[in-house]
Amino acid sequence: MSISENLNKVRATLPSSVKLIAVSKTKPNSAILEAYNSGQRLFGENKVQELIEKYESLPKDIEWHLIGHLQTNKVKYMASFVAMIHAVDSLKLLAEINKEASKHNRIINCLLQFHIAKEETKFGLDFESACEILDSSDFRDMKNVHISGVMGMATYTDNTEQVSSEFSSLRNIFTKLKSMYFANDPTFSEISMGMSDDYLIAIEQGATMVRVGSSIFGERVYQQY
């Protein structure tokens, strides 16, 4: 099937309350434009240089999401345009985003990334570390970042009960943070979880954003950046 057909097939499985981030990493501009011409506007990239190159050459009404692990020294290159950063896992990174956003007079939406998988290779905070960030005076002084919700990745496994449990744990973290820190902030509302293999389970567990790549664009073709 074509990208457009794949996209429509995925969309048909999504409740209206769930946003679709089309994960376009490693994909050429032609593939992104096919999805764009089918109405898709939210795209996710995991490498900053690839994101910049695509931003510069593709339509400016695309909403770009940085979904991969982010190094502090790369923030400045995308601070002028990135719509949301999904993988904030330290106070240091949040401070850098705030600093670079202020240079462009922007408020950048961020998600706190939590380590919910059994795999040690994945990044992310635990609940206590997140509370330390949110309780800190450094965070409270930040004017150019906005915490919009949480993000996490489940273990890559065929065990659907385990995946469901991990997503449920992220939803519980979101609920706790909402009551403790964001009870009066209706814009703290996003739970970004679920990819091509498990996004339907993520939706069952309360996802508001799913990051789907291969089910739309086909398998990844890795390039050097």
Side-chain angles (χ1 to χ4, degrees), residues 14-15 17-21 23 42 44 46 65-72 82-98 107-142 145-157 159-213:
L14 301 180
S17 58
V18 176
K19 301 181 185 75
L20 173 62
I21 312 298
V23 178
L42 278 61
N46 72 335
H65 291 235
L66 195 284
I67 61 173
H69 183 65
L70 177 59
Q71 297 172 304
T72 54
V82 69
M84 180 174 281
I85 297 173
H86 284 233
V88 175
D89 59 0
S90 71
L91 181 62
K92 179 183 176 185
L93 177 57
L94 202 56
E96 188 68 19
I97 296 167
N98 182 71
I107 296 173
I108 295 179
N109 291 318
C110 298
L111 302 178
L112 296 177
Q113 181 179 5
F114 287 87
H115 188 281
I116 59 171
K118 299 293 188 288
E119 298 160 331
E120 292 301 318
T121 54
K122 289 188 166 66
F123 295 95
L125 299 159
D126 57 29
F127 184 77
E128 290 74 20
S129 300
C131 290
E132 286 178 14
I133 291 173
L134 297 173
D135 283 328
S136 70
S137 58
D138 287 343
F139 171 71
R140 288 196 296 269
D141 289 340
M142 293 178 192
V145 292
H146 175 257
I147 305 299
S148 301
V150 301
M151 176 268 216
M153 289 182 283
T155 303
Y156 185 69
T157 175
N159 185 338
T160 57
E161 287 186 6
Q162 180 181 340
V163 171
S164 182
S165 175
E166 291 170 359
F167 287 148
S168 176
S169 73
L170 185 63
R171 186 191 69 237
N172 290 337
I173 288 169
F174 170 86
T175 301
K176 286 183 189 175
L177 293 179
K178 180 77 170 175
S179 65
M180 292 172 64
Y181 298 99
F182 302 98
N184 297 316
D185 181 3
T187 62
F188 182 83
S189 58
E190 303 295 358
I191 304 175
S192 173
M193 59 186 185
M195 299 186 286
S196 288
D197 292 331
D198 56 19
Y199 76 90
L200 292 174
I201 301 172
I203 291 170
E204 289 176 359
Q205 292 299 338
T208 67
M209 286 182 170
V210 294
R211 309 178 303 272
V212 179

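As the structure is a computational prediction, the values presented were derived from the model and not from experiment. Any value given below was found using the heavy atoms of this structure, including those in side chains, with hydrogens, waters and symmetry copies removed.
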Q.
If we check side-chain contact (heavy atoms from CB on, under 4.5 Å) with V150, which of these qualifies: T208, T175, I191?
A. I191
Q: Can you measure from CG (L93) to CG (L70) and round to the nearest 0.5 angstrom?
A: 5.0 Å
Q: Would you mind reporting whether L91 and M142 have side-chain heavy atoms less than 4.5 Å apart?
A: yes
Q: Drop me the distance from L66's CG to L111's CG, to the nearest 0.5 angstrom.
A: 11.0 Å
Q: Can you measure from SG (C110) to CD (E190) and round to the nearest 0.5 angstrom?
A: 13.0 Å
Q) Considering only heavy atoms from C-beta outward, does the side chain of L42 approach that of M84 to under 4.5 Å? A) no
Q | Side-chain heavy atoms of I133 within contact of L125, under 4.5 Å | A | yes
Q) Pick one: which of H65, K19, R211 meets side-chain hydrogen bond (donor to acceptor under 3.5 Å, both in side chains) with S192? A) R211
Q) Do S169 side-chain atoms and I116 backbone N/O form a donor-acceptor pair below 3.5 Å? A) no
Q. Tell me, do I147 and F139 make a side-chain contact under 4.5 Å, heavy atoms counted?
A. yes
(Q) Return the OG1 to CG distance between T157 and D197, rounded to the nearest 0.5 Å. (A) 11.0 Å
Q. Hey, does E166 have a side-chain heavy atom less than 4.5 Å from the side chain of Q205?
A. no
Q | Exercise: identify the closest heavy-atom pair between L170 and M151 | A | CD2-C, 3.7 Å
Q) If every non-hydrogen atom of G68 is compared with every non-hydrogen atom of A87, which pair is closest and at what distance? A) O-CB, 3.4 Å
Q: Check whether any side-chain heavy atom of Q162 sits under 4.5 Å from a side-chain heavy atom of T155, and report yes or no.
A: yes
Q: Look at atom NZ of K118 and say whether more than 12 heavy atoms of other residues, nucleotides or ligands are closer to it than 6.0 Å.
A: yes
Q) If you take all heavy atoms of G194 and A202, which pair is closest and at what distance? A) CA-CB, 3.6 Å
Q) Does D198 use its side chain to pair, donor to acceptor, with the backbone of M195 at less than 3.5 Å? A) yes
Q: Search all heavy atoms of G44 against all heavy atoms of I21 and return the closest pair with its distance.
A: N-CG2, 3.5 Å
Q.
Consider side-chain contact (heavy atoms from CB on, under 4.5 Å). Of N98, D185, I108, which one does H146 pass it with?
A. D185
Q: Please examine the side chains of L134 and L112, heavy atoms only from C-beta on, and report whether any two atoms are closer than 4.5 Å.
A: yes
Q) Atom CE in M193, atom CD1 in I203: separation rounded to 0.5 Å? A) 9.5 Å
Q) What's the spacing between Q71 CD and E96 CD if we round to 0.5 Å? A) 12.0 Å
Q) So, do L177 and F127 sit near enough that their side-chain heavy atoms are less than 4.5 Å apart? A) yes
Q | Smallest separation among heavy atoms of V163 and A154, with atom names | A | CG1-CB, 3.9 Å
Q. Among side-chain atoms of D135 and Y181, is any donor-acceptor pair under 3.5 angstrom?
A. yes
Q. Are F188 and F174 close enough that their ring centres sit under 6.0 Å apart?
A. yes
